[in-house]
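Scroll down for the structure; my scribbles are underneath it.
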Amino acid sequence: MGLRKEQEQRKLPPKHRSDEKRHDENERFEKLLDKLEDMTTNGRLKDMAYHFTDKKEVIKTNLLAGIARGVGLTIGTAVFIGLFIFILTQMISLPIVGEWVAEFLEMVDQYREQP
C-alpha cells in the first residue's frame, strides 16, 4: 500500500542515505536473512533426521542426557546443603537465630549417635 500525494509531500527527507540506497540495502539484508534461515532450517532437519531415525542413537543420547542430569542434580544438591550447613554454623553466635541453629545441630548430632 503506497502513500497518498499529500502524505508523500509531508514525508521528511532521509538524513544519511537516499531512498534508493536504503531500498538496495534492505533487499540485500532480506536476501542475507533468507539465506541464514535456510541454513538453520536445513541444519536442524538434518540433525533431527540423523538422531531420530536411528533407535540406537536416540537411546544413547537420552541415556547420556539422563546420566548428566542425575550427576548434576546430585552435585548441586550436595554443594547447596554444604553451604547451607556452613552458613548455619556461622550463625550460632547470633542471639535469636543462634539458639534455633544450636538446637537444630544438637538434633542432628543425636540422630547420628542413634544406632
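By the rule that hydrophobic residues join a cluster once side-chain heavy atoms approach within less than 4.5 Å of another member, I81 and F104 end up as members of separate clusters. I85 and I87 are not part of a single hydrophobic cluster, where members link through side-chain heavy atoms under 4.5 Å apart. Cluster annotation: V108 and W100 are assigned to the same hydrophobic cluster (Ile/Leu/Val/Met/Phe/Trp/Tyr, side-chain heavy-atom contacts under 4.5 Å, transitive).
Atom CZ of F84 is separated from atom OG1 of T77 by 13.5 Å, given to the nearest 0.5 angstrom. Atom NZ in K60 sits 4.5 Å away from atom CD in E57 (nearest 0.5 Å). Separation of atoms CG (L32) and CD (E37) is listed at 12.0 Å; rounding is to 0.5 Å.
In this structure, V79 shares a hydrophobic cluster with L63, I67, V71, I75, L83, the cluster being traced through Ile, Leu, Val, Met, Phe, Trp and Tyr side chains under 4.5 angstrom apart.
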